[in-house]
Amino acid sequence: MSQQLEQLSGQIERITFTNEDNGFTIAKIKVYGRRDLVTVIGAIVNPTPGEIIKMKGEWGNHPQYGEQFKIVFCETTTPATVHGIEKYLGSGLIKGIGPVMAKRIVKMFKEKTLDVIENEIDKLADVEGIGQKRIGMIRKAWEEQKEIRTVMIFLQDHGVSSGYAAKIYKQYGNGSIKVVQDNPYQLATDIFGIGFITADKIAEKLGFAKDSDLRAAAGILYVLHELTDDGHVYYPYERLIEKCKEMLEIDREIIVKAMGTVSVDKQIVIEDINQDIAEFKENNKAVYLSGYHIAEKNLAARLKTLINTPQSIKKIDSAKAIEWVQEKLSITLAEKQIDAVQRSAENKVMVITGGPGTGKTTIINAILKIFAAKQTKIMLAAPTGRAAKRMSETTGHEAKTIHRMLEFNMRKGGFKKNEESPLDCQLLIVDEASMIDTLLMHHLLKAIPPTSTFIMVGDVNQLPSVGAGNVLKDIIDAGIAPVVQLNEIFRQAKESSIIVNAHKINEGIIPNLKSNQEKLNDFYFIEQEEPGKVLEMIIDLVKKRIPKRFGFDSVNDIQVLTPMHRGTAGAGNLNLELQKALNPGEEGVLRGGRLFKVKDKVMQIVNNYDKEVYNGDIGRISSIDEEAKEVTVIIDDREVTYDYSDLDEIVHAYAVSIHKSQGSEYPVVVIPILTQHYVLLQRNLLYTGVTRGKKLVVIVGTKKAMAIAVKNNKTEKRYTLLQQRLIGN
């Protein structure tokens, strides 16, 4: 077949499109002897304008785009002409050289430019604007680029996309190829974005057997990690074996043997369960990733210690305190509120749970007033930046995110605040406690002094935490600490259709879907069955109708929340279409099939302690620096810089999943709800989505889908033994 292929050589003039996941590229090539640029399509490793590309392939004719050369094989070499070198250097390939600097360098060194950078880099000091610092930067980037290119070619030969090469190089440096050859499965553990499936493909190409011990061990860890992503803290032994068999397509004996190996290596813990639990039919064993086993056991032990240790605060006469605080704040507390304030004065640990409009903020303020009068050292925290900011605004006291309060230190690889260096507080109140997962609660409890009072405030009817566990519910169900459940909606809150309807949803009652046209309402339902029409309606609402009628800003004030990631009305497609409508234009940086542009609304999707940004944080892109290969995002009034290779940590956020919206409030929320979302239509999902809206909620979809969601109170079971550990001795 290769003998029938045509050969073509030329210089890359511009990249029209490139997908880093598979290297697929559409580029315009300047071919010697042809006046017009040639369009080529196919896989090119890290294509860069200015490079010389030698290809074998076949000509084709696209009905819309005309003549194209389809690449079957290709290799690239560095450019030789002055124009090519300038284009090559100015493409953002080398940190420290942008288009302007490239022009200056090439003007001085002409055809010898690349040779000078390679062998006599100090000569760059003769170029205006280049000092020793920039030379150091260029030297480092040039060496890195050569090594990355070697890594890329090796990886592409073994089925890995060029998009991950920079990450692999960043992680392992010059040892990248050796690591991949020795144990490709290590990539799945060490590098965000590279999963077991990708690592498995590389391993296969490198000749690793399907039933190798290495593959079985990596497969078990992969399945357990996937299960923790689904919310499980552990998984029943027999069910885990079945899942591994199904995924790896190997015999049970090999999996059982590998299970023993990873257990001996302390990567997992297999625990015998004494309780009579329904899901353990074959044998009473629970399998944990080691970190989760430590976290769950210690979380339970520390919470019990906290409850049983005498407090350091002087005893409060709760009856007198209630009378005094009502007078001081000029309020009359309801019965449940009095109960909550009294219990906070009498107990070391307690839970206050209730929906919107049930007076949680009033209770917090009353508790703060009473404890402050006793000169108590008080700290307030919440799981997200937005929730902490809201807590500060409603209480007048400083509130921090839990991560910031615990002072994560990247160099030490953990939180600075722990049992050896505890928080300096006698009272800690944490809001949005339903969002706290097992690992974070473990770290938080390590840092709370045993003599302190700990109050968890939240809404147990919302979705459980994004991370593994069901901590707030497990603590409530264990019955080891007092719980005050607020269910009365206060008069002022009753005027909000959002709050009234949220409570109806929570009670399994379909809300009133007819809006009162005589007044400006805050809850609307727009009936639309066709997914394509739902998409059009949402774009129209966000871009025109809501801003025109209510005066809200399309990007900053309005948040589209969706039950799903896929499909016409899923987060992926909604983001593409909303970006086109709200931030048009082609200028930007393309990464992983996503085009990031200045002014784009984006969300962080993993915790990055180094940058102090966390899963779910939303911001706007303020600038893109092609020379430094960096994107700057404003998150919570703070500039956060991302290297191009870190861009898979952010996604567009014009639309986000309801799960990701937890702990955040938005002025306006727009929610598509269709029967095609059937699998995810649950009461707590809809309730969580609606309660994110502060001033306006608009639901677009079908009454049938609404009814399915409201009536479906079955929540996905999460495997956790926290409740049993809290109850046990």
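What you are looking at is a predicted structure, and each value in this text was computed from that prediction instead of being measured. The figures that follow rest on heavy atoms only: side chains count, while hydrogens, waters and symmetry mates do not.
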Chemist: Are Tyr642 and Glu649 linked by a side-chain donor-acceptor pair shorter than 3.5 Å?
Modeler: no
Chemist: For the pair Lys611 (side chain) and Thr641 (backbone), establish whether a donor and an acceptor sit closer than 3.5 Å, ignoring hydrogens and angles.
Modeler: yes
Chemist: Using a 6.0 Å distance limit plus a 45 degree cone around the ring axis, check whether Lys178 lies over the aromatic ring of Tyr172.
Modeler: no
Chemist: Where the side chain of His652 meets the backbone of Leu595, is there a donor-acceptor pair that is under 3.5 Å apart?
Modeler: yes
Chemist: So, applying side-chain contact (heavy atoms from CB on, under 4.5 Å) with Tyr654, which one of Val602, Leu574, Asp600 is it?
Modeler: Asp600
Chemist: Check whether any side-chain N or O of Lys597 sits under 3.5 Å from a backbone N or O of Asn583 as a donor-acceptor pair, and report yes or no.
Modeler: yes
Chemist: Looking at Ser290 and Lys266, would you say the former's side chain and the latter's main chain have a donor-acceptor pair under 3.5 Å?
Modeler: yes
Chemist: Taking C-beta and beyond as the side chain, do Arg215 and Ile250 meet within less than 4.5 Å on heavy atoms?
Modeler: yes
Chemist: Would you say the side chain of Thr720 lies within less than 4.5 Å of the side chain of Thr438, judging by non-hydrogen atoms?
Modeler: no
Chemist: Verify, without hydrogens or angle tests, whether Asp643 (side chain) and Asp646 (backbone) share a donor-acceptor contact under 3.5 angstrom.
Modeler: no
Chemist: With distance as the sole test, does Glu432 use its side chain to make a donor-acceptor pair with the main-chain N or O of Ser664 at under 3.5 Å?
Modeler: no
Chemist: Between CD of Glu242 and NZ of Lys245, what distance do you get to the nearest 0.5 Å?
Modeler: 4.5 Å
Chemist: To the nearest 0.5 angstrom, please state how far the CZ atom of Arg718 sits from the OG1 atom of Thr228.
Modeler: 10.5 Å
Chemist: Using side-chain contact (heavy atoms from CB on, under 4.5 Å) as the criterion, point out the one residue from Leu721, Val287, Leu227 that pairs with Tyr234.
Modeler: Leu721
Chemist: Quick one: does Glu51's side chain have a donor or acceptor within less than 3.5 Å of a partner on Gln11's backbone?
Modeler: no
Chemist: Between Glu419 and Arg302, is the closest basic N to carboxylate O distance under 4.0 Å?
Modeler: yes
